[in-house]
Amino acid sequence: MTCPPLPHHPDAPAGTAPQARPQDAFRAEDERFVARLHAELEEFFGRQRAVLGGISADALPLLDAVVALSAGGKRLRARLCYWGWRAAGGDPEDPAVVRAGAALELFQSAALIHDDVIDRSDTRRGAPSVHRRFESVHADRGWALDGPAFGVAAAILSGDLCLSWSEQSFAAATTTAPGGHRARAVFDLMRSEVMAGQYLDVQGEVAGGGQDRDGAVQRALDVIRYKSAKYSVEHPVVLGAALAGAPEAVLERCSAFALPLGEAFQLRDDVLGVFGDPAATGKPAGDDLREGKRTVLVGYVRTLGSEAQIARLEDALGRPELTEEDVEELRSLITACGALGSTEELIERLSGEAFTALDRLGADVVPMAALRGLATAAVRRSS
């Protein structure tokens with residue numbers, strides 16, 4: 001895996017040999033961790049193949065779908081967990097943090113599978129989403145009954161398997177780690193918050209334009225915080241530090257850095273969901289509009305836009321048949337009323353809060369360079 005480009009580290013003196021700079025040490029250690037994480041997942045999937053194959057060879061497509069989905073992605077959550085662990089003084093060779101990273105990756109796969117079912121998404125990471133994959137299997141084999149229903153059922157079960165496997169992996173991580181008990185509390189809270197946040201997202205979509213305009217941005221921010229920001233960034237960093245046995249004061253400093261970063265990360269994702277390049281994002285342009293997502297962008301249109309602009313957006317949201325021309329018109333509307341600019345300003349403000357809090361973390365220079373590099377890549381990404 002290629003790590004994201006790193007910003008210049010201000011503490012590196014001019015003329016320092018490349019191998020002596022903190023960001024180069026971070027890069028090498030980060031790549032070693034990712035390699036160990038891949039090996040852990042491959043070994044885990046190998047064990048599960050034996051389990052499912054022992055039940056029936058017909059059950060193996062469930063695993064194959066998970067393996068295919070898990071092969072993509074940037075491993076951001078696992079890497080943040082590792083560097084939270086290292087920031088708290090955790091041993092880089094301890095297998096506990098690798099198992100915790102695998103648990104986060106499996107939880108992420110479950111969330112993506114279920115999210116795509118809920119959103120009726122056709123693609124994920126440039127490939128068919130898991131429910132569409134199973135729907136294609138149904139069609140290719142000429143099976144009876146309802147193909148789309150089979151695809152949804154198989155995807156739900158695949159996601160449920162991922163949740164079960166995530167728990168198994170995390171339980172293994174806590175058996176020897178210094179802060180296993182505290183990390184368990186973080187992991188359990190994370191899972192509850194994601195489910196609640198996902199529900200708030202779905203509820204917001206069906207409530208639609210009938211909700212008050214003044215609260216539109218805050219409702220979208222609540223969804224961002226609980227559906228994504230906490231489990232994507234805050235909890236992985238805090239979980240890693242907790243697993244290493246960090247005291248509560250350190251966990252609080254980790255949270256002060258990682259929560260605003262997670263919110264900026266998801267806001268960037270929402271911008272890409274409307275304005276991103278499909279070749280980079282792996283999803284069609286404007287998919288968030290077709291799915292009726294009540295994002296912060298939409299919230300700002302409802303508070304900043306004219307009556308005509310709001311009516312046009314409300315009429316278009318949630319329409320799967322939106323053409324590329326429709327999406328381009330809505331992009332222009334979102335830009336013209338100031339919604340895009342306000343969202344970008346919010347990303348910058350939250351990013352600033354995160355980097356200011358990171359400076360107060362007080363970890364060793366290599367973990368600090370790692371967290372700074374990952375944070376920069378998260379909020380300035382294009383995919």
Side-chain angles (χ1 to χ4, degrees), residues 1-6 23-53 60-87 90-113 124-127 129-130 133 158-159 161-177 183 187 190 231-233 235-237 239-240 243-244 282 366-367 369-371 373-374 377-378 381 383:
M1 172 178 174
T2 302
C3 295
L6 301 177
Q23 59 264 50
D24 290 304
F26 149 48
R27 189 185 303 279
E29 188 174 335
D30 195 57
E31 289 177 351
R32 285 197 302 273
F33 168 71
V34 171
R36 293 170 64 203
L37 177 66
H38 286 171
E40 174 72 21
L41 286 169
E42 286 179 7
E43 182 180 346
F44 185 89
F45 288 141
R47 294 196 300 270
Q48 298 310 318
R49 185 170 296 280
V51 172
L52 292 181
L60 290 175
L62 293 170
L63 175 63
D64 294 336
V66 172
V67 171
L69 179 64
S70 298
K74 302 176 180 67
R75 309 299 193 200
L76 177 66
R77 292 156 188 82
R79 293 161 71 199
L80 286 169
C81 178
Y82 176 77
W83 288 109
W85 162 275
R86 292 283 286 115
D91 180 356
E93 301 304 317
D94 194 319
V97 70
V98 182
R99 292 171 185 144
L104 287 169
E105 288 297 310
L106 289 165
F107 185 82
Q108 162 73 346
S109 292
L112 294 180
I113 293 168
R124 171 66 65 177
R125 294 171 176 166
S129 52
V130 170
R133 175 189 175 114
S158 296
L161 265 178
C162 279
L163 290 174
S164 175
W165 292 341
S166 175
E167 171 59 29
Q168 291 178 41
S169 188
F170 188 75
T174 61
T175 56
T176 59
F187 190 72
M190 176 190 76
Y231 107 91
S232 293
V233 181
H235 287 317
V237 175
L239 191 150
L243 204 64
V366 172
L371 291 170
L374 291 172
R381 64 202 171 95
S383 63

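Values below: all heavy atoms of this structure, side chains included; hydrogens, waters and symmetry mates excluded.
Distance CD1/Ile113 to OG/Ser70: 7.5 Å, rounded to 0.5 Å. For the atom pair Gln168 CD and Trp165 CH2, the distance stands at 8.5 Å (nearest 0.5 Å). Atom NE2 of His38 is separated from atom CG of Leu41 by 7.0 Å, given to the nearest 0.5 angstrom. Between atom CG of residue Asp30 and atom CZ of residue Arg86 there is a gap of 11.5 Å, rounded to the nearest 0.5 Å. In this structure, CG on Leu76 lies 11.5 Å from SG on Cys81, to the nearest 0.5 angstrom. The distance from the CG atom of Leu161 to the CG atom of Leu63 is 8.5 Å, given to the nearest 0.5 Å.
Between Arg27 and Glu31, none of the side-chain N atoms (NZ, or NE/NH1/NH2) sits under 4.0 Å from a carboxylate O, so this pair counts as no salt bridge.
Of all non-hydrogen atoms in Leu104 and Pro236, the two that sit nearest each other are CD1-CB, 4.0 Å. Across all non-hydrogen atoms, the minimal contact from Glu29 to Pro92 is OE2-CB, 3.8 Å. Shown here for Ala183 and Leu243, the closest heavy-atom pair between the two residues is CB-CD1, 3.5 Å. Across every non-hydrogen atom of Ser109 and Leu69, the tightest pair is O-CD2, 3.7 Å. Minimum heavy-atom separation, Leu37 to Ala102: CD1-N, 3.4 Å.
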Go through the steps for Asp94 and Trp85 under the test side chain to side chain donor-acceptor pair (under 3.5 Å), then give the verdict. CA-CA 10 Å; Asp94 194 319; Trp85 162 275; over 6 Å; no
Take Arg47 and Glu43 through the test salt bridge (Lys or Arg N to Asp or Glu O under 4.0 Å) and record every step on the way to the result. CA-CA 6 Å; Arg47 294 196 300 270; Glu43 182 180 346; 3.3 Å; yes
Given side-chain contact (heavy atoms from CB on, under 4.5 Å), test Phe107 with Glu167 step by step and report yes or no. CA-CA 8 Å; Phe107 185 82; Glu167 171 59 29; over 6 Å; no
Show your working on salt bridge (Lys or Arg N to Asp or Glu O under 4.0 Å) between Asp64 and Arg49 and close with a plain yes or no. CA-CA 9 Å; Asp64 294 336; Arg49 185 170 296 280; 2.9 Å; yes
Residues Val66, Val130; criterion side-chain contact (heavy atoms from CB on, under 4.5 Å); working and verdict: CA-CA 8 Å; Val66 172; Val130 170; over 6 Å; no
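Classified by interplanar angle (parallel below 30°, tilted 30° to 60°, perpendicular above 60°), the ring pair Phe33/Tyr82 is parallel. Ring planes of Phe187 and Phe170: parallel class, angle under 30° (limits at 30 and 60°).
Counting only distance, with no hydrogens or angles, the side chain of Ser169 and the backbone of Ser166 share no donor-acceptor pair below 3.5 Å. The closest donor-acceptor contact from the side chain of Arg79 to the backbone of Val34 lies at 3.5 Å or more, if one exists at all.
For the pair Phe44/Leu106, a side-chain contact is recorded, criterion being any heavy-atom separation below 4.5 Å from C-beta on.
Each of Arg75, Arg99, Lys74 was checked for a salt bridge (Lys or Arg N to Asp or Glu O under 4.0 Å) with Glu105, and the lone residue meeting it is Arg75.
Relative to the ring axis of Tyr231, Arg77 places its NZ or CZ within 45° and under 6.0 Å from the centre.
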